[in-house]
Asks: 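Please read through the structure below; I'll follow up with questions.
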There are 2 protein chains.
Amino acid sequence: MEHAEEALFRPVRAGNAFEETVERLMQAIRLGVVAPGERLPSERELATRLGVSRVTVREAIRSLQENNYVESRRGRYGGTFVNDVIPKSAPGKELGDIHDALTLRKVLETGAAEAAAGRSLGSAERRGLRVRLEEASTATLAEYRRKDSRLHLAIAEATGSASLTAAVAESRMRVNELLDTIPLLEPNLAHSNAQHEHIIASILDGDPAAARQAMAEHLDGTASLLRGFLV
Amino acid sequence: MEHAEEALFRPVRAGNAFEETVERLMQAIRLGVVAPGERLPSERELATRLGVSRVTVREAIRSLQENNYVESRRGRYGGTFVNDVIPKSAPGKELGDIHDALTLRKVLETGAAEAAAGRSLGSAERRGLRVRLEEASTATLAEYRRKDSRLHLAIAEATGSASLTAAVAESRMRVNELLDTIPLLEPNLAHSNAQHEHIIASILDGDPAAARQAMAEHLDGTASLLRGFLV
DNA sequence: CGCCAATGGCTCGCAGACATACCTTTGGAG
DNA sequence: CTCCAAAGGTATGTCTGCGAGCCATTGGCG
């Protein structure tokens, strides 16, 4: 019953500033918001936007460098660039987390699809969705996870709710970590692309029920797969 | 387009530890998780569960005392007790936040209702839902907001997803803050109670679609009201 | 009646994070 | 060729928050 208390009296800070900052940068990289070869915002800009000191940003970046996620170059037009090869993590997840993560993901992403379909989207937003769809459909197996995340984030953005977008990003990060623990996952790209097209078409058509339905089917694939592998 | 970056590069900490702690305790009080007259967990226990030092917990409690939310008594069987009269806040919200908050709430709460209906609930969970429903249905106008929140949190708990419950709690807190800026909001209790019964019945019947639909209708009332008042 | 357990009240030193300033490197603009 | 803007690299003093310990108060139990 009173596990509402557990939710409300959970730790106020997920970790220290350094760990939180690393986590954010990792999200940006793993979700493909900053693609391999691209540059992260400058240290000073990151410090401002993340609300931490530049010292902390630098420590976080150093940690990423040591794990070969990024490289930094000095001088004007320098910066910190995302590497092509991204090492894998193998944390070993709690099994109880799976239901939690998948439940939250389904709620957020089907809700986002429905909400996006229920809005009157501007031409820029419509174009953005089509571009992301195209990117995902032409992705190689290696790129798939990242391009997929970018498409799903674009859908969340199309709701116009920043906090919903943030929640989707965090949720995807959690699920991706779970997926990373399954080494031999080869998604059926053709099938997934067809589902993506269906989702985006429903959103662009302004059909919320269809968008929700399509997203639910899309998510169920990885969900049952994860449940099967990890339970 | 790239406001996925805005989501990912948002500040890593919402505020300092003190402010976050105050916020949490306020949530627990305003959402009725700890009712007037009841005792908060001890300072030592709060410090452990919130992941902050006892000094910080004490500063937060002192702040609540000064604003007359709680009173502390020393000695064994002492503690910090929630006051009956709870002062109002008048922060003055950003208008742009409304869409954001309402979009997220709808996604989370309709999704939670659907997910709860899709689970096989234990007898304890089913009883808990009925108890909360009964409490809400017999609430006076003064108690309504709190009892309503407890019922909605119970629905989120019934999904078995702790992070979904936490997200719903935070979302409700945001929306309640918005509702607080409308002084003369008198909810139609009879109407709301009927909707609650419909939602809970659908969940207990194991009808996800009906539960979602009922929750959506329930939320639309306050949503349109808020949009009307604050836009 | 006295003990004592559990609570809130208080203090002090340490570690982490911060703000700020300055240095070094780099490549384009003039 | 020189200058300089913009980026990463470094150093320092301050302050917040934490941990740990102790004190003060209270009310039930023996």
Side-chain angles (χ1 to χ4, degrees), chain A residues 5 9-26 28-29 34 36-83, chain B residues 5 9-26 28-29 34 36-83:
Chain A
E5 284 195 8
F9 296 143
R10 72 189 188 282
V12 295
R13 355 192 79 169
N16 55 35
F18 163 74
E19 287 168 352
E20 286 273 279
T21 304
V22 171
E23 191 61 22
R24 283 299 178 75
L25 297 179
M26 289 277 287
I29 294 170
V34 182
E38 287 185 0
R39 214 195 61 179
L40 290 175
S42 73
E43 295 176 353
R44 289 169 176 84
E45 185 181 345
L46 282 175
T48 303
R49 291 173 66 174
L50 295 175
V52 297
S53 75
R54 208 183 131 210
V55 179
T56 303
V57 169
R58 286 182 49 69
E59 284 170 354
I61 288 177
R62 174 133 51 99
S63 161
L64 294 185
Q65 289 168 343
E66 286 166 359
N67 289 285
N68 223 258
Y69 284 91
V70 299
E71 279 176 11
S72 294
R73 294 202 287 275
R74 304 224 285 190
R76 189 170 190 173
Y77 304 101
T80 299
F81 297 82
V82 177
N83 278 339
Chain B
E5 285 197 8
F9 296 143
R10 73 189 187 282
V12 296
R13 357 191 77 171
N16 55 32
F18 163 73
E19 288 167 353
E20 286 272 282
T21 304
V22 170
E23 191 62 22
R24 282 301 178 75
L25 297 179
M26 289 279 288
I29 294 170
V34 181
E38 287 184 0
R39 213 195 65 178
L40 290 174
S42 73
E43 294 176 353
R44 288 170 176 84
E45 184 181 346
L46 282 174
T48 303
R49 292 173 66 173
L50 296 175
V52 298
S53 74
R54 212 183 126 208
V55 179
T56 304
V57 169
R58 286 183 48 68
E59 285 169 353
I61 288 177
R62 174 133 50 98
S63 161
L64 294 186
Q65 289 167 344
E66 286 167 359
N67 289 284
N68 222 257
Y69 283 91
V70 299
E71 279 175 10
S72 295
R73 294 202 287 276
R74 303 221 285 190
R76 191 170 189 178
Y77 306 100
T80 300
F81 297 82
V82 178
N83 279 340

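Letters A, B, ... mirror the listed sequences (proteins, then strands); counts begin at 1.
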Asks: Going by heavy atoms in the side chains, are A/Ile61 and A/Gln65 under 4.5 Å from each other?
Replies: yes
Asks: How close or far is atom P of C/dT26 from atom CZ of A/Phe81, stated in whole angstroms?
Replies: 13 Å
Asks: Going from OG on B/Ser53 to CD on B/Glu59, what distance comes out if it is rounded to the nearest 0.5 angstrom?
Replies: 7.5 Å
Asks: How long is the straight-line distance from CE of B/Met26 back to CD of B/Glu19, given to the nearest 0.5 Å?
Replies: 12.5 Å
Asks: Under 3.5 Å, which protein N or O atoms sit close to an N or O of nucleotides 9-15 of chain D? Give each pair with its distance.
Replies:
{"residue": "D/dG9", "atom": "OP2", "partner": "A/Arg58", "partner atom": "NH1", "Å": "2.7"}
{"residue": "D/dG9", "atom": "OP2", "partner": "A/Arg58", "partner atom": "NH2", "Å": "3.4"}
{"residue": "D/dG9", "atom": "O4'", "partner": "A/Arg74", "partner atom": "NH1", "Å": "2.9"}
{"residue": "D/dG9", "atom": "N7", "partner": "A/Arg54", "partner atom": "NH2", "Å": "2.7"}
{"residue": "D/dG9", "atom": "O6", "partner": "A/Arg54", "partner atom": "NH1", "Å": "3.0"}

Asks: Nearest whole angstrom, please: distance from the C1' of C/dG9 to the CZ of B/Arg73.
Replies: 16 Å
Asks: In Å, rounded to the nearest 0.5 Å, how long is the span from CG of A/Leu46 to OG1 of A/Thr56?
Replies: 12.0 Å
Asks: Let me know the distance between CD of A/Glu20 and P of C/dG16, rounded to the nearest Å.
Replies: 17 Å
Asks: Does D/dA7 have OP1 or OP2 under 4.0 Å away from a side-chain N or O of A/Thr80?
Replies: no
Asks: Might you confirm whether atom CD of A/Glu71 has over 12 heavy atoms from other residues, nucleotides or ligands at distances under 6.0 Å?
Replies: no
Asks: Atom CG of B/Leu46 to atom P of C/dG8: distance rounded to whole Å?
Replies: 8 Å
Asks: Tell me the interatomic distance from A/Leu40, atom CG, to D/dG8, atom C1', rounded to whole angstroms.
Replies: 13 Å
Asks: Could you tell me the separation between the CG atom of B/Leu25 and the P atom of C/dG8, rounded to a whole number of Å?
Replies: 12 Å
Asks: Please list, chain by chain and in numerical order, all residues satisfying side-chain contact (heavy atoms from CB on, under 4.5 Å) with A/Phe81, sequence neighbours excluded.
Replies: A/Arg39, A/Arg73
Asks: Just how far, in rounded Å, is P of D/dG8 from CD of A/Glu45?
Replies: 10 Å
Asks: Write down the protein N/O and nucleotide N/O pairs, taken from nucleotides 3-6 of chain C, whose separation is under 3.5 Å; answer none if there are no such pairs.
Replies:
{"residue": "C/dA6", "atom": "N3", "partner": "B/Arg76", "partner atom": "N", "Å": "3.4"}

Asks: Are the side chains of A/Ile29 and A/Leu64 in touch, meaning some heavy atoms are under 4.5 Å apart?
Replies: yes
Asks: Take A/Thr80 and A/Glu43 through the side-chain hydrogen bond (donor to acceptor under 3.5 Å, both in side chains) test and state the conclusion after the steps.
Replies: CA-CA 8 Å; A/Thr80 299; A/Glu43 295 176 353; 4.8 Å; no
Asks: Between P on D/dG8 and CG on A/Leu64, what's the gap in Å once rounded to a whole number?
Replies: 13 Å
